[in-house]
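Per chain, numbering begins at 1; letters A, B, ... match sequence-line order. No experiment lies behind these values; they were computed from the predicted model shown.
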Number of protein chains: 2
Amino acid sequence: MTEHLTNSIQDYLKHIYELTEDGQPATTTALATRLGIAPASVTGMIQKLASSEPALVSYRKHQGVTLTDKGRRAALEVIRHHRLIEAWLVQTLGYSWDEVHNEAEKLEHVISEELEARIAAAMGNPLRDPHGDPIPSADLVMPEDKSMALSGLALKQEAMVSKVESQDTDLLKHLESLGLVIGARVKTLEVSRYDQVMRLQVRGRNEPVVLGPAITNRVFVEIK
Amino acid sequence: MTEHLTNSIQDYLKHIYELTEDGQPATTTALATRLGIAPASVTGMIQKLASSEPALVSYRKHQGVTLTDKGRRAALEVIRHHRLIEAWLVQTLGYSWDEVHNEAEKLEHVISEELEARIAAAMGNPLRDPHGDPIPSADLVMPEDKSMALSGLALKQEAMVSKVESQDTDLLKHLESLGLVIGARVKTLEVSRYDQVMRLQVRGRNEPVVLGPAITNRVFVEIK
DNA sequence: AAAATTATTTAGGATAGACTAAATAATTGT
DNA sequence: ACAATTATTTAGTCTATCCTAAATAATTTT
Ligand SMILES: [Mn+2]
Ligand SMILES: [Mn+2]
Ligand SMILES: [Mn+2]
Ligand SMILES: [Mn+2]
């Protein structure tokens, strides 16, 4: 039951998970780009993962890959580690949300299940990481995420920032300076669909902020 | 300045450091045993470390290895990580001293200098790990360790337990049950050098304990 | 429906770090 | 001093994971 998956394989599975969240198979090139690896190498690894016993991915030449059940569980395991570690570093060592990603990227592969459990318990089993990403439960169920992109919000609508899809330090710092942090309450004052610009009131701030699509497509909100 | 040392190399250097603390070069076989690797493989790695530029070890065929300055600093870096992590896990996650070693063994290679610094700061720059081993300072100076083996203690002498040289869970649990933990105060009631047995009063305990060399050579004390 | 372009796979090679078996050097016992 | 034993090194393989270049398949453009 505890056949070891290498760091490399764990990374492949994690990225395949993320690329297939939309229901579509992950293409070789997309994977190669995300992993920073040559497409030819990705093909090789995919073939290996597909023909391992039991298979971790299912694969048809030129059609892309999807995860098998086994592969999905392994991916969720890594993602749980990553997100718990991020939350833990922020909560116990005063890291800010723009600094934790790279650290978690390395730690995710080496913590034991025991350490995972202790970290989770110490924080009361958090449901989200510092960027608002849902943390899979200990039995590897991914919490449902009902958030929508800020860019999809209608005029005069109120919502709460629930997630930021970015690991870019500069963007995260910038969002923080605008008050657009997880939990912030916002209201759309002006929506210009044509040139993809939006004016927004952040509760507790004096001036409204003007945002382009580089931001409104990466910041997610929940209407409640 | 930041050429990457692999996990494997870090482990070699760490074990060479420990094996050469007595001033003697580390032999191929001793290293092989500690690393759980075939002697032939160790020879190969040693040759590589010796001929790298700059060299991490100095080596003469059949004479064993010692660390160069560069190698020693790298070893101290790993040891500092290991011991800080052990201390941190015990202090913040309620691990006990017999559970932290394996976890630290993996984490030591992947934490950043930033994380190291935050961990150290969070604990107020501790000088010893949970087993009493000294923690190298941030600038990689190993604190002097004046402790002596319990077996060397004279009759009627009082001392404080300062270090336990073992990663064996069973032994550590046993010592804990005897009250022989770091900081415990003890006094020798009876010393039998011939059959290497010792009777000891642990302060705060009712009954004295009788200890054989398997324990008295691994438990270290400071006379103060 | 070709042609051009883009995506993917195959083939061959490199590197790191391990292994085993055989050769050699060092040490120990007589 | 010689033989036996033990320690170490060399030589040849193996696995994992990456690479580049060339071949092929799929998709898009004209
Ligand atoms: Mn990773
Ligand atoms: Mn886990
Ligand atoms: Mn290690
Ligand atoms: Mn360090």
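- Screening A:Glu21, A:Glu105, A:Glu77 against A:Lys14 for a salt bridge (Lys or Arg N to Asp or Glu O under 4.0 Å) leaves a single residue, A:Glu105.
- Listed in residue order, the members of residues 47-59 of chain B having a heavy atom less than 4.0 Å from DNA chain C are B:Lys48.
- A salt bridge is defined here as a Lys NZ or Arg NE, NH1 or NH2 lying under 4.0 Å from an Asp or Glu carboxylate O, and A:Glu114 with A:Arg118 meets this definition.
- Residue A:Tyr12 places none of its side-chain N or O atoms closer than 4.0 Å to OP1 or OP2 of D:dA16.
- Between A:Thr27 and C:dA7 there is no side-chain polar atom (N or O) within less than 4.0 angstrom of OP1 or OP2.
- Side-chain contact, B:Glu103 with A:Ser112: a donor N or O sits under 3.5 Å from an acceptor N or O.
- Not counting sequence neighbours, B:Asp133 has no partner by the salt bridge (charged side-chain N to carboxylate O under 4.0 Å, His left out) test.
- With respect to the salt-bridge test (charged N to carboxylate O, under 4.0 angstrom), the residues A:Asp11 and A:Arg34 do not qualify.
- For the contact set between residues 31-46 of chain A and DNA chain C, defined by any heavy atom under 4.0 Å, the members are A:Pro39, A:Ala40, A:Thr43.
- Residues meeting the salt bridge (charged side-chain N to carboxylate O under 4.0 Å, His left out) test with B:Asp69, sequence neighbours left out: B:Arg72.
- The structure places CG of A:Leu5 at 8.5 Å from OG of A:Ser52, a figure rounded to the nearest 0.5 Å.
- Here A:Asn125 pairs with A:Ala120 under the side chain to side chain contact (heavy atoms under 4.5 Å, CB included) rule; sequence neighbours left out.
- Between the NE2 atom of A:His109 and the P atom of D:dT17 there is a distance of 12 Å, given to the nearest Å.
- At C:dA18, one or more side-chain N or O atoms of B:Ser8 fall inside 4.0 Å of OP1 or OP2 (strictly under the cut-off).
- Checked by atom type, the side-chain pair B:His82/B:Glu108 shows a donor-acceptor distance below 3.5 Å.
- Using a cut-off of 4.0 Å between Lys/Arg side-chain N and Asp/Glu carboxylate O, A:Asp168 and A:Lys173 are scored as not salt-bridged.
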Just the table, please: protein N/O against nucleotides 25-27 of chain C N/O, every pair under 3.5 Å.
none

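- Following rounding to the nearest Å, B:His4 (NE2) and C:dT15 (P) show an atom-to-atom distance of 17 Å.
- In this structure, the side chain of A:Ser137 engages the main chain of A:Val141 through a donor-acceptor pair within 3.5 Å.
- In this entry the distance linking CZ of A:Arg60 with P of C:dT9 reads 12 Å, nearest Å.
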